[in-house]
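Notes to accompany the following structure.
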Amino acid sequence: MRILHIDSNHSLLLEQLSNLGFQNEEDCSGSKSDIEEKIHKYDGIVLRSRFSIDKSFIDKARKLKFIGRVGAGLENIDCDYAEKKGIVLIAAPEGNRNAVGEHALGMLLSLFNKLNKADREVRNGQWLREENRGVELDGQTVGLIGYGHMGKSFAKKLRGFDTEVLCYDIKPGMADANCTQVSLKELQQRATIISIHTPQTPLTRHMIDLNFINQCRHPFWLINTARGTAVCTKDLVTALKSGKIVGAGLDVLEYEKKSFEKLFTSAMPAAFDYLIAAENVLLSPHVAGWTIESKEKLAQTIVDKIKQHFCTPI
């Protein structure tokens, strides 16, 4: 089987697939149209998020048996059409779930203790102790929206704190020892922290908007390490200004390109200008799952799943 790799990944991906008998070829710079011209030659393609795999691309991939995404989400792939064509879809949420859980916790603790703000002030010669008095995580009620690999990882990290952890998920029976599953309405009534762990779907687009926010009983802290489109940014800014959202940790932004590699190059809206100036907002460039360890684990997960599907046990 010939596999085309169109993004750079951990070296073990190529090494182990080669050892399993696959023929690997790389093209990490060709345009989408360049790849489309030759994709008919390949049995598999492995990518991160360089471009979308749409119906037109799939139609040209006449031999394709699998698409491997070295990451968690598959929103850049026309999954329904691929599955109709008998193409196996392989993702690797197991590979970066620990990294995402740690990043979400780090963002939350940094916001609670004003670490980003305090660091800047001390570097500028300011020693403001009372102004940087923090709040504690113990005693808070954490509401997780989405309780798959990432939500479960964050809940596990919270075990060392005296918190109540709730989750809402469209699938029933998702609760475990670290979390109690509740309705969305109950989560909105009880949570003082809300963390998003959902995939990007039509249902989750602008899920966090003024209507959602106004239905929450308490002012709350918001963490988003999932997808930027889950939050309506202008409504977030309105809630930050009013105090209904106390602070926000955003690893992802509504304005990201689909590749997640950069922000839009055009002029950014006023809502973004507010976010970058706000002291109660912490931003990072879509790196929650982007650790040294997760790079290796993501690649290993893809290898293991390709092996499971396409290698006959001896």
Side-chain angles (χ1 to χ4, degrees), residues 49 71-77 79 91 93 97 100-101 103-104 107-108 111 141-155 165-172 174-175 179-258 260 263-264 269 271-272 274-275 280-284 286 288-289:
S49 301
L74 294 170
E75 67 268 20
N76 284 344
I77 301 169
C79 297
R97 59 188 172 189
V100 171
H103 195 94
M107 285 194 124
L108 187 58
L111 284 167
T141 299
V142 183
L144 310 178
I145 300 180
Y147 202 59
H149 288 283
M150 310 307 169
K152 289 179 184 294
S153 175
F154 188 30
V165 183
L166 312 174
C167 72
Y168 166 73
D169 197 286
I170 59 174
K171 297 179 181 178
M174 297 295 287
C179 186
T180 301
Q181 188 167 3
V182 298
S183 67
L184 183 60
K185 183 176 180 180
E186 183 174 348
L187 185 147
Q188 289 173 300
Q189 289 297 301
R190 297 172 60 186
T192 54
I193 299 162
I194 293 177
S195 186
I196 306 169
H197 301 278
T198 52
Q200 182 171 301
T201 70
L203 286 175
T204 61
R205 178 172 174 76
H206 284 184
M207 175 177 55
I208 308 299
D209 59 8
L210 277 181
N211 181 56
F212 176 96
I213 294 165
N214 290 335
Q215 291 184 56
C216 294
R217 180 181 179 186
H218 305 289
F220 64 92
W221 302 79
L222 177 68
I223 303 293
N224 187 11
T225 54
R227 290 293 184 262
T229 54
V231 176
C232 177
T233 309
K234 65 180 181 62
D235 289 357
L236 167 63
V237 168
T238 298
L240 286 165
K241 289 178 177 178
S242 72
K244 189 61 186 282
I245 292 182
V246 186
L250 308 173
D251 179 56
V252 289
L253 290 169
E254 183 180 0
Y255 315 116
E256 288 180 70
K257 285 185 176 292
K258 286 186 178 181
F260 312 134
L263 291 176
F264 291 139
F272 182 70
Y274 180 88
L275 292 181
N280 59 340
V281 174
L282 186 61
L283 304 169
S284 57
H286 203 139

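Worth knowing before you read on, the calculation uses all heavy atoms, side chains too, and leaves out hydrogens, waters and symmetry mates.
Shortest non-hydrogen contact noted between Ala191 and Phe220 is O-CB, 4.2 Å. Of all heavy-atom pairs between Asn76 and Ser49, the closest is ND2-CB, 3.9 Å. Scanning both residues, Met107 and Ser284, for their nearest heavy atoms gives CE-OG, 3.4 Å. Residues Arg97 and His149 come closest through the heavy atom pair NH1-ND1, 2.9 Å. Nearest heavy atoms, His218 versus Arg190: CD2-O, 3.8 Å. Leu184 and Phe212 get closest at one heavy-atom pair: CD1-CE1, 3.8 Å.
Not a single donor-acceptor pair under 3.5 Å links the side chain of Gln215 to the backbone N or O of Lys185. The closest donor-acceptor contact from the side chain of Asp251 to the backbone of Thr225 lies at 3.5 Å or more, if one exists at all.
To the nearest 0.5 Å, the span separating OG1 on Thr204 from CD on Glu75 amounts to 8.5 Å. Atom OH of residue Tyr168 and atom CD1 of residue Ile194 lie 13.0 Å apart, to the nearest 0.5 angstrom. The distance from the CZ atom of Arg205 to the CZ atom of Arg227 is 14.0 Å, given to the nearest 0.5 Å. Residue Leu74 holds its CG atom at 12.5 Å from OG1 of Thr201, rounded to the nearest 0.5 Å. Asn224 CG to Ile145 CD1: the interatomic distance, rounded to the nearest 0.5 Å, is 9.5 Å. Distance check, rounded to the nearest 0.5 Å: OG1 of Thr233 to CG of Asp209 gives 11.5 Å.
Contact check for Val231 versus Leu222: side-chain heavy atoms found under the 4.5 Å cut-off.
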Run the side-chain contact (heavy atoms from CB on, under 4.5 Å) test on Met207 and Thr198 for me, step by step, so that the C-alpha distance in whole Å, both residues' side-chain angles and the decisive distance to 0.1 Å come before the verdict.
CA-CA 10 Å; Met207 175 177 55; Thr198 52; 3.8 Å; yes
For a side-chain contact (heavy atoms from CB on, under 4.5 Å) check, start with the C-alpha distance between Leu253 and Leu275, then their side-chain angles and the critical distance, and finish with the verdict.
CA-CA 10 Å; Leu253 290 169; Leu275 292 181; 4.2 Å; yes
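Legend: residues meeting ring-ring contact (aromatic ring centres under 6.0 Å, His included) with His197, ordered by chain and number and at least two apart, are Phe154.
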For residues 236-250, tabulate all N or O donor-acceptor pairs below 3.5 Å that involve a side-chain atom, not counting sequence neighbours.
from	atom 1	to	atom 2	distance (Å)
Thr238	OG1	Lys234	O	3.1
Ser242	OG	Ala239	O	3.1
Ser242	OG	Lys244	N	3.3
Lys244	NZ	Ile213	O	3.1
Lys244	NZ	Cys216	O	2.7

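In summary, of the residues considered (Leu108, Val165, Ile223), a side-chain contact (heavy atoms from CB on, under 4.5 Å) with Ser195 occurs for Ile223 alone.
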